[in-house]
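Data first, discussion second: the structure below is written as structure tokens.
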Amino acid sequence: MKEKLRRFFDRLQELEGLLSQPELLADKEAYRNLTREHSYLLALKEASFDYDRLQSDLEENQRLLSEDSDEEMRQLLKEDILEIQQKLPEAKARLEFLLVPPDPNDDRNTIVEIRAGTGGEEAALFVGDCARMYKNFATAKRWNFEGLSATASEMGGFKEYIFVLSGAGVYREMRYEAGTHRVQRVPATETQGRVHTSTVTVAVLMEPDPQEKIAISESDISIETYRASGAGGQHVNVTDSAVRIRHILTGTVVTCQDERSQHKNKEKALRILSARVQEKIAREQQKKEADLRSSQVGSGGRPEKIRTYNFPQNRVTEHRIPLTWHDLDRIIEGEALQKVISALVAHFYEQKLVQ
């Protein structure tokens with residue numbers, strides 16, 4: 001980790017030199033990319049400093065505790081050590097999270113769909129709890145939360161709750177929330193105090209960007225020219241002005257012979273082809289997202305769980321890592337959700353490196 005941090009900090013120093021050059025302001029795209037990278041590396045440096053400071057304070061307090069015989073001072077040192085030990089895991093998780101390099105999709109608007117699985121009304125109530133958890137988390141992250149759709153249940157919960165989040169790093173942090181979330185608690189209607197187990201399913205999808213344009217390169221298409229047929233004057237029989245373009249990847253074919261000029265026919269055909277390919281890719285993407293949603297959420301059955309929220313023990317267990325935290329009350333309110341998400345981002349990045 002230290003070697004990786006050293007390389008990042010060397011790059012930070014290099015960026016500070018580049019950003020001080022006046023001529024860079026003329027290239028807005030380059031300036032925007034460099035300032036984004038600089039902001040990321042600065043946050044990484046601050047997280048590293050905080051983690052190192054906590055570790056240093058812990059070591060110093062432990063040394064003083066071993067040397068000091070004054071009971072009152074020893075008690076203060078023990079309290080300080082306990083406080084630092086509680087802060088260290090979150091500081092480490094944040095540092096590991098930031099060590100994951102940025103991805104082009106990190107800031108993509110993200111649609112989150114939460115649906116009740118097994119457990120009836122209790123599952124529907126937990127849908128509402130999860131929606132509130134993510135909304136509070138979004139507020140703390142200064143993300144925009146926009147409700148899209150909600151289907152209420154009879155007892156005040158939701159059979160389904162769909163919203164979109166937008167802001168810096170939204171998809172980066174939310175993508176691993178997808179799956180079956182299991183809750184264990186005593187329902188309000190339970191008269192004998194028995195713990196019930198219910199589930200909700202969470203699907204996380206990147207929102208399609210309406211500004212995205214399909215770029216079609218010459219290597220993606222095959223072009224045929226031929227003599228136009230039909231009305232239009234003598235030229236239709238003597239010049240190869242008509243154009244037929246085939247998009248190799250999708251098999252989409254467009255022909256155009258309206259213009260006398262082969263160049264103009266090609267230009268028109270490419271415009272039509274671009275529109276058709278974009279529509280086809282959008283349809284396939286919708287199917288892919290439906291398949292992704294199905295693979296993410298499964299059937300909502302209890303064995304498919306990715307995370308368990310145990311209310312009687314105030315415990316949250318993330319089964320994919322696996323890790324356990326004993327502050328469910330803070331996690332379910334969104335206050336301490338960051339450490340769960342940070343641990344997941346770091347874990348799956350390490351898995352990707354291994355693969």
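Quick caveat, the model's predicted, so the values are computed rather than measured.
- For the side chain to side chain donor-acceptor pair (under 3.5 Å) condition, the pairs that include at least one residue of residues 326-340, sequence neighbours left out, are R132-E333, K141-Q338, E173-Q338, N314-D329, D327-R330, D327-K339, Q338-S342.
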Next item on the list: Please assess H319 against I306 for the test side chain to side chain contact (heavy atoms under 4.5 Å, CB included), listing each intermediate value before the final yes or no.
Entry: CA-CA 5 Å; H319 301 288; I306 62 165; 5.8 Å; no
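- Proximity of R74 to L65: side-chain heavy atoms (C-beta onward) are separated by under 4.5 Å at one or more points.
- Contact annotation: the side chain of E16 approaches that of H38 to within less than 4.5 Å [non-hydrogen atoms, C-beta and beyond].
- Residue I114 is grouped with residue W143 when hydrophobic side chains (ILVMFWY) are merged at heavy-atom distances under 4.5 angstrom, including chains of intermediate members.
- The closest donor-acceptor contact from the side chain of T197 to the backbone of V195 lies at 3.5 Å or more, if one exists at all.
- You'll find the side chain of L76 reaches within 4.5 Å of the side chain of E79, heavy atoms only.
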Problem set entry | T317/R307 under side chain to side chain contact (heavy atoms under 4.5 Å, CB included): CA gap, chis, key distance, verdict | CA-CA 6 Å; T317 300; R307 187 179 301 159; over 6 Å; no
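- Closest approach of M73 to D68, counting heavy atoms only: CG-OD2, 3.2 Å.
- Side chain of N144 to backbone of L165: no donor-acceptor contact under 3.5 angstrom is found.
- Residue E67 qualifies as enclosed at atom CD: its count of foreign heavy atoms under 6.0 Å is above 12.
- Put simply, CD on E37 and CG on L15 are 4.5 Å apart, with the number rounded to the nearest 0.5 Å.
- Put simply, the residue from Q184, R182, R185 that forms a side-chain hydrogen bond (donor to acceptor under 3.5 Å, both in side chains) with N310 is Q184.
- The structure places CZ of F8 at 11.0 Å from CG of L12, a figure rounded to the nearest 0.5 Å.
- Taking the ring axis of Y51 as reference, the NZ or CZ atom of R94 does not stay both within 45° of it and closer than 6.0 Å to the ring centre.
- Every pair passing ring-ring contact (aromatic ring centres under 6.0 Å, His included) that includes a residue from residues 165-199 is listed here, sequence neighbours excluded: Y176-F348, H181-Y309.
- Atom CD of E3 has more than 12 neighbouring heavy atoms from other residues, nucleotides or ligands inside a 6.0 Å radius.
- In this view, E121 satisfies the salt bridge (Lys or Arg N to Asp or Glu O under 4.0 Å) rule with no residue, not counting sequence neighbours.
- L82 and L58 end up in different hydrophobic clusters when Ile, Leu, Val, Met, Phe, Trp and Tyr side chains are linked at under 4.5 Å.
- Contact annotation: the side chain of Y134 approaches that of L337 to within less than 4.5 Å [non-hydrogen atoms, C-beta and beyond].
- For the atom pair CD (E160) and OG1 (T151), the distance works out to 4.5 Å, reported to the nearest 0.5 Å.
- The CG atom of L34 sits 6.0 Å away from the CG atom of L18 when rounded to the nearest 0.5 Å.
- Through direct or relayed side-chain contacts under 4.5 Å between Ile, Leu, Val, Met, Phe, Trp and Tyr, I248 connects to no other residue.
- The two residues L95 and L5 make their nearest non-hydrogen contact at CD1-CD2, 4.2 Å.
- With hydrogens and angles ignored, the 3.5 Å screen pairs no side-chain donor or acceptor of R172 with any backbone N or O of D107.
- Residues L41 and L19 share a single hydrophobic cluster, defined by chaining ILVMFWY side chains whose heavy atoms lie under 4.5 Å apart.
- Here the shortest heavy-atom pairing between A346 and V100 reads CA-CG2, 3.9 Å.
- Note that the CZ atom of R115 and the CZ atom of F158 stand 14.5 Å from one another [nearest 0.5 Å].
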- [ ] Start with the C-alpha distance between Q351 and H347, add both sets of side-chain angles, then the distance that settles side chain to side chain contact (heavy atoms under 4.5 Å, CB included), and finish with yes or no.
- [x] CA-CA 6 Å; Q351 274 200 337; H347 168 75; 3.6 Å; yes
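- Annotation: side chain of F145 is not in contact with side chain of T139 (no heavy-atom distance under 4.5 Å).
- When each of E218, R244, R246 is paired with I223, the side-chain contact (heavy atoms from CB on, under 4.5 Å) condition holds for E218 and for no other.
- Residues meeting the side-chain contact (heavy atoms from CB on, under 4.5 Å) test with F49, sequence neighbours left out: R53.
- Using modelled atom types, no side-chain atom of S39 and backbone atom of R36 make a donor-acceptor pair closer than 3.5 Å.
- With rounding to the nearest 0.5 Å, the separation of CD in E60 from CD1 in I81 is 10.5 Å.
- At a threshold of 4.5 Å between non-hydrogen side-chain atoms, the residues E177 and L344 count as touching.
- One hydrophobic cluster, built from ILVMFWY side chains closer than 4.5 Å, holds both L24 and L42.
- For Y31, the OH atom sits in a loose shell: 12 or fewer heavy atoms of surrounding residues, nucleotides or ligands are nearer than 6.0 Å.
- T199 and T118 form a side-chain donor-acceptor contact under 3.5 Å, judged by distance and modelled atom types alone.
- At a threshold of 4.5 Å between side-chain heavy atoms, the hydrophobic network of Ile, Leu, Val, Met, Phe, Trp and Tyr places V340 and V200 in one connected group.
- Residues F126 and S198 fail the side-chain proximity criterion, which asks for heavy atoms closer than 4.5 Å.
- Ion pairing between E122 and R194 fails under the 4.0 Å rule for side-chain N and carboxylate O.
- Heavy-atom minimum distance, V204 versus M174: CG2-O, 3.5 Å.
- Judged as a side-chain hydrogen bond (donor to acceptor under 3.5 Å, both in side chains), and not counting sequence neighbours, the contacts of R32 are E29.
- When every heavy atom of G334 is checked against every heavy atom of F137, the shortest pair comes out as O-CD1, 3.9 Å.
- Considering only heavy atoms from C-beta on, C130 stays 4.5 Å or farther from V202 through its side chain.
- Between I245 and K266, the closest heavy-atom pair is CD1-O, 4.0 Å.
- More than 12 heavy atoms of other residues, nucleotides or ligands lie within 6.0 Å of CD in Q21, so this atom counts as buried by the packing criterion.
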Using the side chain to side chain contact (heavy atoms under 4.5 Å, CB included) rule, take E318 and W325 through it: C-alpha gap first, then chi angles, then the decisive distance, then the call. CA-CA 9 Å; E318 175 53 59; W325 299 270; 3.7 Å; yes
(request) Could you walk me through whether E83 and K87 pass the salt bridge (charged side-chain N to carboxylate O under 4.0 Å, His left out) test, one step at a time? (result) CA-CA 6 Å; E83 184 179 349; K87 290 180 179 178; 3.2 Å; yes
